[in-house]
Structures are given as structure tokens and as C-alpha cells.
Amino acid sequence: MMIRKLSLLAGLSLLAFSGGAFADTVRVTIAEYSKGTGPYFEEAAKAFEAANPDTKIQIEVVPWDSLQQKLTTDISAGANADLSIIGTRWLLDYVKEGIIAPLDGNITPDFKARFIDTFLTPSVMDGKVYGLPIAASARAMYYNKDIFAKAGIDTPPATWADFKTSAEKIKALGTETYGFGLQGKEIETDVYFYYGLWANGGEIVKDGKSGLDSKAAIDTATLYKSFIDGGLTQPGVTSYSREDVQNLFKQGKVATVITAPFLSGQIKTEAPNLNYGVAPIPAGPDGGKGTYGVTDSIVLFENSKNKEAAWKFLDFLFTTEQRTKFDKIEGFLPVNAEEAKDPYFADNADLKVFTNLLPNARFAPVIPGWEDIAQTTSNAIQKIYLGQGEIEPTLKEAAAKINETLK
Amino acid sequence: MQRASVPYFLILPSFLLAAVIILWPLKEIVSLSLHDVNRFGMLKDFIGLEHYRSLFANPDFIAATWRTLFWTAAVVIGTLIVSVPIALILNEDFYGRGIARILIMLPWAISLTMTAIVWRWALNGESGMLNSALRDLGIINTNIQWLAEASTAFPMQILIGILVSVPFTVTIFLGGLSSVPEDLYEAAATEGAGRWDQFRLITLPLLKPFINIAFVLNTIYVFNSFPIIWATTQGGPANSTDILVTYLYKTAFRMGRLGEAAAVSLIMFAILIIFTILYVRLAMREEKQ
């Protein structure tokens with residue numbers, strides 16, 4: 001009996017082995033956005049394999065924070081997957097090294113028409129499509145309606161000047177609640193600064209030069225610093241990462257936070273009684289507006305041996321059905337035009353604010369060394385927030401350093 | 001086969017193994033540090049010592065180096081000072097000693113990263129346990145933003161560092177203490193030596209080799225310790241709590257400057273080797289006297 005079982009097992013494993021050798025295996029590296037990410041992709045892979053029995057999809061889930069490290073190590077060892085999710089802001093660094101395969105050969109006009117243009121554009125470089133937007137997001141201002149009502153404010157602030165008045169009223173309540181939840185630590189500290197920069201009419205990079213020494217940047221730093229010094233933000237902003245500020249918002253300790261659509265979903269499960277609204281990011285004195293748009297791309301590596309099979313899987317992932325499923329799980333914005341018509345997205349008041357902001361969305365500029373620039377910017381504004389650097393010289397020094405990177 | 005060459009043949013296999021595991025990567029890193037390297041580790045032009053030159057011209061790197069030395073010295077010496085009395089107490093026979101030993105050893109059982117993350121929560125300015133405890137005790141009446149700036153964040157990180165190094169060090173000392181024969185103390189007591197003299201003249205000298213080994217091992221661990229600083233501040237704000245490992249990680253995997261990162265790791269390696277050799281020689285010279 002035992003022997004029969006064993007030989008059966010051996011036969012099976014032999015079968016599996018030969019199966020592996022003949023069928024195409026497509027390896028996919030996936031960034032874990034939430035605990036739903038892995039299960040979604042496993043399920044999608046199974047559905048795809050059922051329809052394409054001679055292709056095997058192998059999903060590798062990596063925490064978002066270590067994605068860049070894994071890709072770097074895998075690629076330098078030549079052990080990278082066929083497909084991978086990457087931050088679109090890193091894409092240029094990869095394309096420059098010739099590691100990513102352009103997808104134009106496979107993209108038909110029909111396929112292209114599936115996408116909302118705004119989201120596909122960031123992955124286009126030198127007229128070639130190097131990635132497809134697997135995740136899309138934008139930023140808007142969440143505000144706590146109860147705190148605003150208590151302070152006698154009826155509407156979310158339309159301009160930064162309004163915002164400051166509102167924050168002062170909230171401070172006057174004397175309840176240790178703060179008007180402006182300001183992020184000052186870790187990833188996207190720089191982005192939090194750009195919201196004000198764009199409102200003041202500034203740019204991150206203009207004509208190949210850093211915009212950090214512009215008048216708009218100096219005005220923004222002065223504005224944010226006046227919020228901090230006036231006690232209108234939570235104290236010790238440099239110890240609050242994005243998640244920390246979101247948590248303060250959920251606890252009702254700050255009245256506003258600027259962040260992505262997924263916070264709605266978190267509030268629903270973690271703080272269901274929070275009475276909040278979503279509004280555009282305040283405008284500048286001359287009506288300047290801007291939100292940060294982010295996409296992550298899924299890319300095909302140049303050294304992939306199964307480009308055809310990999311493409312088929314991509315095609316499958318970007319069908320309306322699959323996209324709708326994924327974006328609902330993750331709380332991302334729809335990237336397919338058809339998908340956006342789904343009542344889940346079309347009738348969602350919170351999401352509508354985000355989609356309406358898209359015409360003003362700025363994406364990370366296509367420049368080399370984006371992470372380097374983000375780090376320099378974050379360091380400079382942290383110094384300003386802490387009062388360890390004079391505003392103008394600190395920004396000028398950072399701008400000079402960034403111009404060095406941009407060369 | 002000649003007798004004299006036998007030992008060399010016998011260690012050959014392990015030497016080869018060590019060479020493959022240590023020397024080959026070392027050679028790779030040296031070559032990375034001397035070349036222009038792209039984000040994915042592909043070598044481009046040979047540029048000699050250019051990476052080293054730019055590192056030594058970078059104030060953030062210099063500051064991180066000094067901070068690393070300070071961090072290592074503070075945590076290691078702090079740990080030794082705290083661990084000796086703890087080990088002495090735990091070596092005494094008292095009711096509940098087993099539980100006390102377990103309590104001291106417990107932090108060791110938890111992964112360093114987990115401990116650091118728990119501390120990150122505890123040190124949170126608005127909802128952290130430490131602030132609410134201090135407020136309840138009436139010690140402070142406004143929240144302290146522990147991680148907002150280096151002046152409060154770095155001392156806390158050193159304290160966490162000491163806390164997690166104590167169990168290992170105490171274990172070494174307990175081993176050392178159990179080898180001190182009881183009758184030495186009895187003899188000293190009959191000669192009229194007090195507790196302090198017994199400690200100074202018997203315990204400390206006999207514990208010396210164990211202190212030495214704890215010192216060297218802790219130095220190596222702490223110098224290279226990444227999780228505490230990374231989980232609490234990621235070396236921020238504005239690089240003000242960076243030590244060399246966190247600086248290295250950022251340079252390599254955030255900025256993608258692998259060549260420069262290789263240079264940093266070689267400098268770290270050199271510092272550690274020089275330090276260890278110096279210390280071992282000092283310790284051995286003392287032992288001979």
C-alpha cells in the first residue's frame with residue numbers, strides 16, 4: 001500500500017515536473033497594498049489559468065516598502081519575474097537601463113481605448129508605453145464635520161487663507177484638537193508640501209530646474225511654518241508619518257488630513273461613527289489648485305522569456321470585470337472608462353470628489369533620480385518645520401542640490 | 001605526507017568554505033565600490049576612489065559616522081553597566097528568582113523589529129503609552145513629541161538599544177558567575193572583606209573575560225543594528241538620527257547608488273575590524289600581565 005502510494009506520488013511529481021517544463025510559467029511580482037491584494041491576484045491567476053490551461057501564473061507578493069529593494073536585488077542577479085508592479089515615478093530609471101520592454105507591439109487601439117487617458121499618460125516615455133496603470137490614486141482633503149460645526153464653520157475651506165481662519169477657530173475651542181493634520185515624516189513628506197506649492201502657483205521642476213527656491217515655495221514654507229508656530233497643527237509634526245496623521249484624524253484629534261481615497265474604506269471599518277466629508281485641497285491666493293495623482297504601473301521585463309503569455313495575462317487583468325473587482329478591494333480610482341461607469345464608483349460621493357479633481361492632478365515629473373529629489377526635499381522642509389533652518393537659505397540649498405541631481 | 005603540513009590540510013575544507021562565503025562577496029563589494037554602478041548592480045566605468053571622495057565630502061555621511069560611534073559606545077557601555085548588577089542579583093538565591101530571570105530574558109524572545117515597532121507606538125506624541133503614563137504620574141502636563149527631533153528621539157533609541165541588549169549580556173555574565181567558586185567568598189569573608197571588596201577583588205577580576213567577550217560581541221551587534229532606528233525614525237528627521245547602516249540602506253535601496261553604498265559598507269567593515277583587533281590585543285596584553 002505504502003509503496004503504491006509512494007510510486008503514485010513520484011509519478012505525480014514527475015507529471016508536475018514535465019508539466020512545468022512544457023507550459024509557460026509567468027512569474028508576477030505584486031506589491032501588497034492591503035491584505036486583500038494577495039488573495040485577489042491568486043484568484044485572478046486561477047481564473048486566467050482555467051481559461052489558458054497551458055500557462056501557469058506564479059504570484060509573488062512583496063510588502064510595498066521592500067518592493068524597490070527586491071526588484072533591485074532580483075534584477076542585478078538576473079532573477080527577476082516576468083511582470084512586476086513598480087511605482088511609475090521610478091519607471092524612467094528602469095527604462096533608461098533598458099530593463100523594461102515597451103508594450104506598443106501588443107497594444108491595439110481597442111485596448112488603449114479601455115483606459116482613462118490621464119492614467120495611462122504617466123507610463124508613456126519617448127512615445128512608447130512602458131507600463132499599464134495597475135493602481136491609481138489622487139489626494140483630497142478629508143475634514144471632520146463635527147469639529148467644523150462645533151467651531152461654527154459650515155463649509156470646508158476653499159482657500160488656504162480660509163483654512164487658516166478655520167484652524168484658528170478650531171484652536172479656540174481649546175479641546176486639544178488641531179485644524180491642520182500636517183505630515184512631517186517618512187514617505188510623501190515632500191508631497192504634503194507640494195499641495196501648498198501648487199496652490200501658490202509653483203512647480204516641483206520647471207525647465208529642468210528645481211522649483212524649491214521659487215517664491216511660491218518660500219511662501220508655502222512660510223505658510224506651513226505659521227500653521228505650526230500658531231499651534232494650528234498637531235504638535236511635533238516631524239514625528240507623524242502619513243499613517244500617523246490618518247490615525248489622528250480617525251481619533252478626531254485633527255480636523256483635516258490630505259490623503260488618498262483608501263482612507264474612506266479604513267474609516268468605514270475602524271471609525272464608523274466619524275462624521276466626515278471630502279473636499280478639494282484649498283486653493284492659493286490666485287486660484288492655483290493642484291492635487292497629487294499617483295499611478296503604479298505593471299511592467300514587462302525585457303529579459304522575460306514568456307512575453308506573449310505575460311501579455312495575455314496583462315490583457316486579462318485590465319478587463320473591466322477584473323479591474324472593478326481589484327479597485328473595489330483596494331479603494332483605488334477606476335482606470336478603465338467602462339469601469340468608472342459601475343454604480344459603485346459613479347454613485348460614491350467621496351470618490352466623486354477625487355475624480356473631479358483629476359483635471360488638476362499633477363503626477364510625479366518624469367525625471368531621473370526622483371527618490372533622491374524627494375529625500376532632499378523632505379529633509380529641507382523637516383529642518384524648516386523644526387525651526388532648525390531659515391526658510392530661504394534652506395530651500396535654496398536644497399534646490400541647488402536637486403539641480404545637481406537633475407543635470 | 002609530512003607531519004607539519006597535516007594541520008593545514010585538515011583546515012583546508014573549512015578555509016575554502018570561509019573563502020567562498022566571506023572573501024568572494026568581499027571582492028565583489030570592493031569592485032562595486034571602485035566602479036560607476038547603476039541601480040541594478042551593473043558595473044560601468046572604473047572610477048577609482050571617487051565614491052570614497054564624495055562620501056568624505058558629504059556632511060550627512062560624516063555626521064552619521066560620528067553618530068554611529070557615539071551610538072555604539074553609549075549602548076554597549078550602558079548595557080554593561082546595567083547588566084552587571086542585574087546578573088549579580090539574579091545569581092543570588094531568592095524566592096521567585098526563576099520568574100525574575102524569565103522577565104529579564106523575555107525581551108530577547110521577541111524579534112528586534114517587533115520591539116522597535118511597539119516602541120514607536122509607545123513614543124507616539126498624542127496617543128503613546130509613555131506620554132499618558134508620564135501624564136498620569138503628574139511628571140509632565142503637555143505631551144512630549146519624542147520622535148519629532150533628534151534631541152529626544154536619539155536618547156530614547158539608545159535606551160531601547162540598551163534594553164534589548166541586556167538579556168544577552170546578562171546571560172553571558174550569569175555563565176561567568178556560576179564558574180566563580182563559592183569558597184573564595186567564604187575565605188574572603190573570614191579575612192574580613194566586605195561585600196564591596198568581595199565584588200571589587202574577586203567577582204570583577206574573575207568576570208573580566210566574560211565582560212570582554214560581551215563587550216566585543218555587543219559592539220559588533222550594536223554597530224550594525226538596523227531595526228531600532230529604522231522602525232522608529234528611519235534616520236530622520238532630516239538625517240539627524242541616521243547611523244551608518246540606515247544611511248547605507250537609504251543610499252543603496254532608496255537612491256539606487258549601489259557603488260557609494262558598497263563604499264559605505266567597506267568603511268564600516270574597516271572600522272569594525274580595526275576596533276576588534278585593537279580591543280583583542282589590549283585584552284590579551286592585560287591577561288598576560
Side-chain angles (χ1 to χ4, degrees), chain A residues 65-78 80 90 93-94 96-99 176-178 184-187 189 234-241 244-245 247-248 250-251 253-254 368-376 378-389 394 398 405, chain B residues 28 32 37-44 54 58-60 63 113 117 120-121 123-128 131 135 141-153 156 230-242 247-262:
Chain A
D65 278 341
S66 40
L67 177 63
Q68 176 91 304
Q69 184 199 340
K70 178 180 164 61
L71 288 176
T72 313
T73 339
D74 282 359
I75 293 168
S76 43
N80 55 287
W90 311 332
D93 287 343
Y94 285 62
K96 263 196 336 194
E97 304 293 343
I99 287 165
E176 284 198 29
T177 29
Y178 309 97
K185 185 183 181 187
E186 291 170 13
I187 190 167
T189 298
Q234 82 280 14
V237 290
T238 45
S239 61
Y240 289 92
S241 69
D244 296 333
V245 183
N247 286 340
L248 287 182
K250 289 177 211 159
Q251 295 159 3
K253 287 186 176 159
V254 296
W370 167 254
E371 288 292 326
D372 229 329
I373 292 168
Q375 189 76 47
T376 310
S378 295
N379 284 352
I381 57 182
Q382 281 178 333
K383 272 187 204 152
I384 292 171
Y385 291 168
L386 286 168
Q388 290 172 350
T394 311
T405 315
Chain B
E28 287 291 298
L32 275 179
V37 187
N38 76 4
R39 175 174 279 282
F40 309 106
M42 293 171 210
L43 298 188
K44 295 182 165 174
S54 74
N58 182 343
D60 285 338
T113 315
I117 290 173
R120 180 191 169 124
W121 293 333
L123 293 173
N124 185 297
E126 293 304 305
S127 49
N131 272 345
R135 276 181 107 146
N141 42 33
T142 48
N143 286 331
I144 298 175
Q145 307 295 328
W146 297 101
L147 300 178
E149 45 191 304
S151 61
T152 47
M156 285 319 281
W230 191 256
T232 48
T233 61
Q234 293 198 352
N239 296 104
S240 58
T241 56
D242 254 333
Y247 184 83
L248 167 82
Y249 183 86
K250 280 190 222 172
T251 313
F253 297 117
R254 284 254 171 100
M255 324 286 195
R257 292 200 290 259
L258 291 186
E260 215 176 294

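Letters A, B, ... are given to chains in the order of the sequence lines, protein chains preceding strands, and every chain is numbered from 1.
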Nearest-0.5 Å distance that lies between atom [atom1] in [X] and atom [atom2] in [Y]:
X        : Y        : atom1 : atom2 : value
B:Ile144 : A:Ser239 : CD1   : OG    : 12.0 Å
B:Arg254 : A:Thr72  : CZ    : OG1   : 12.0 Å
A:Ile99  : B:Asn38  : CD1   : CG    : 6.5 Å
B:Arg120 : A:Ser241 : CZ    : OG    : 4.5 Å

>> Between B:Thr142 and chain A, with a heavy-atom cut-off of 4.5 Å, which part of the residue counts as in contact: side chain, backbone, both or neither?
In response: neither
> Minimum heavy-atom separation for B:Ala148 to A:Leu386, with atom names?
Replying inline: O-CD2, 3.4 Å
Within the 4.5 Å heavy-atom criterion, are [X] and [Y] side-chain neighbours or not?
X        : Y        : answer
B:Ser240 : A:Lys383 : no
B:Glu126 : A:Asn247 : no
B:Arg39  : A:Gln68  : yes

Between [options], which residue shows the highest count of heavy-atom pairs closer than 4.5 Å to chain B?
options                                : result
A:Lys253, A:Gln234, A:Lys185, A:Gln251 : A:Lys185
A:Leu248, A:Asp244, A:Thr238, A:Ile373 : A:Thr238
A:Asn379, A:Ile75, A:Leu71, A:Val237   : A:Asn379

>> Is there a side-chain contact (heavy atoms from CB on, under 4.5 Å) between A:Tyr240 and B:Asn124? Walk through the geometry before answering.
In response: CA-CA 8 Å; A:Tyr240 289 92; B:Asn124 185 297; 3.7 Å; yes
>> Only pairs of heavy atoms separated by less than 4.5 Å count here; which of B:Met42, B:Met255, B:Lys250 has the most with chain A?
In response: B:Met255
> When heavy-atom pairs shorter than 4.5 Å are enumerated against chain A, which of B:Tyr249, B:Phe40, B:Phe253, B:Trp146 gives the highest number?
Replying inline: B:Phe40
>> Under a 4.0 Å threshold between the charged nitrogen and the carboxylate oxygen, would A:Glu97 count as salt-bridged to B:Lys44?
In response: yes
